[in-house]
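Scroll down for the structure; my scribbles are underneath it.
Chain identifiers are assigned alphabetically (A, B, ...) following the order of the sequence lines, protein sequences preceding nucleic acid strands; residue numbering begins at 1 within each chain.
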Number of protein chains: 2
Amino acid sequence: MKLLHHPDRKDIRLPSVLYALSDPVRLHMVAQIYNSGEEQACKCFDVPIAKSTLSQHARALREAGITHTRAQGTQRLLSLRTEDLNARFPGLLDTVMNAYRKDQQEANLRNDHPLEETQQG
Amino acid sequence: MKLLHHPDRKDIRLPSVLYALSDPVRLHMVAQIYNSGEEQACKCFDVPIAKSTLSQHARALREAGITHTRAQGTQRLLSLRTEDLNARFPGLLDTVMNAYRKDQQEANLRNDHPLEETQQG
DNA sequence: TCTATAGTTCGGTCATAAACGAACAATTGA
DNA sequence: TCAATTGTTCGTTTATGACCGAACTATAGA
């Protein structure tokens with residue numbers, strides 16, 4: 001299979017990281033890895049999009065330096081580059097994940113479900 | 001003059017904040033307000049773009065809930081909504097500003113100057 | 001070998017946003 | 001009142017990216 005490119009730690013840039021995290025789908029993916037505490041295969045992500053789109057999001061996270069992707073069989077397992085991110089931008093990942101948790105809670109209270117398709121006609 | 005709309009604290013959303021901060025120009029503007037410790041007029045921002053573009057960036061920051069804009073004479077003074085941001089997403093602003101400082105330092109070491117037009121032919 | 005599974009790549013559509021200059025609005029000060 | 005200053009709005013161009021389905025690749029297992 002093709003070699004997957006991961007940027008060096010020193011080449012991880014703040015605007016790119018923030019941009020990658022600014023998409024609700026990608027934020028959800030990162031939170032899922034973060035909360036599970038383990039690598040996640042693409043197929044496990046609980047997002048309502050086509051698999052080709054998911055694949056693109058996975059690539060965006062990898063190229064921003066947020067995730068590491070390794071192949072296992074037909075699967076691609078995504079993990080967070082926690083050490084690299086903490087070395088580069090101390091506390092950023094934890095802070096964003098805490099913020100995400102809060103944001104989701106508030107959204108739930110208001111019955112906002114940004115990642116699910118709205119079924120009510 | 002037209003009333004400037006500022007979102008309520010509760011309507012400040014994480015993806016929107018991260019998106020607003022993911023643009024190098026806006027990140028620079030926010031850092032300038034943050035570091036100066038006081039309101040900044042648009043004309044004071046040290047960014048190499050047309051004033052119409054700057055005005056749009058100011059609007060983007062305001063609508064994301066990051067800045068507050070008040071009119072004083074012909075000027076618009078931008079301040080950070082520090083309390084609202086900290087209430088909503090504790091530590092996020094400080095963490096991002098620290099990350100920005102680091103990112104800028106590393107860029108300077110490499111003679112990267114993302115906000116200046118490259119003059120070397 | 002054949003099939004199913006997991007993911008990538010490609011071609012296309014559509015929406016958003018970053019950039020500019022020109023024209024406009026509002027305020028200050030002469 | 002007139003000119004200068006400061007910023008906004010508008011129309012346009014251009015680039016990016018989110019999304020999909022179809023076709024493809026690669027691996028695992030029957």
Drop me the distance from [X]'s [atom1] to [Y]'s [atom2], to the nearest 0.5 angstrom.
X	Y	atom1	atom2	value
B:N86	B:L92	CG	CG	8.5 Å
B:T67	B:R76	OG1	CZ	13.0 Å
B:R13	B:D11	CZ	CG	8.0 Å
A:T69	A:E63	OG1	CD	10.0 Å

**OP:** Step by step, work out the side chain to side chain contact (heavy atoms under 4.5 Å, CB included) result for A:Q40 and A:L77.
**Re:** CA-CA 5 Å; A:Q40 297 285 303; A:L77 297 175; over 6 Å; no

Distances under 3.5 Å only, N/O to N/O: pair up the protein atoms with those of nucleotides 4-6 of chain D.
| residue | atom | partner | partner atom | Å |
| --- | --- | --- | --- | --- |
| D:dT6 | OP1 | B:K43 | NZ | 3.3 |
| D:dT6 | O4' | B:T74 | OG1 | 3.0 |

[atom1] of [X] versus [atom2] of [N]: gap in Å, rounded?
X	N	atom1	atom2	answer
B:L77	D:dT8	CG	P	11 Å
B:L27	C:dA18	CG	C1'	16 Å
B:H28	C:dA18	NE2	C1'	17 Å
B:L54	C:dG21	CG	C1'	15 Å
A:E39	C:dG7	CD	P	12 Å
A:L4	D:dT25	CG	P	17 Å
A:Q72	D:dA28	CD	P	9 Å

Original post:
Hey, mind stepping through A:V96 and A:R101 against side chain to side chain contact (heavy atoms under 4.5 Å, CB included) and telling me if it holds?
Top reply: CA-CA 9 Å; A:V96 171; A:R101 211 185 321 259; over 6 Å; no

Please list each protein N or O that sits under 3.5 Å from an N or O in nucleotides 14-19 of chain D, with the distance.
| residue | atom | partner | partner atom | Å |
| --- | --- | --- | --- | --- |
| D:dA18 | OP1 | A:Y19 | OH | 3.0 |
| D:dA18 | OP1 | A:R26 | NH2 | 3.3 |
| D:dA18 | OP2 | A:R26 | NH1 | 2.8 |
| D:dC19 | OP2 | A:H57 | NE2 | 2.4 |

Subject >> Verify same cluster id: B:V47, B:Y100 (apolar side-chain graph, 4.5 Å) >> reply: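 In one cluster: yes.
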
Subject >> Main-chain N/O of B:A60 paired with B:R26 side-chain donor or acceptor, under 3.5 Å >> reply: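 No.
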
**OP:** Would you kindly check whether a donor in the side chain of B:S55 faces an acceptor in the base of D:dG7, or vice versa, at under 3.5 angstrom?
**Re:**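 Answer no: no donor N or O sits under 3.5 Å from an acceptor.
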
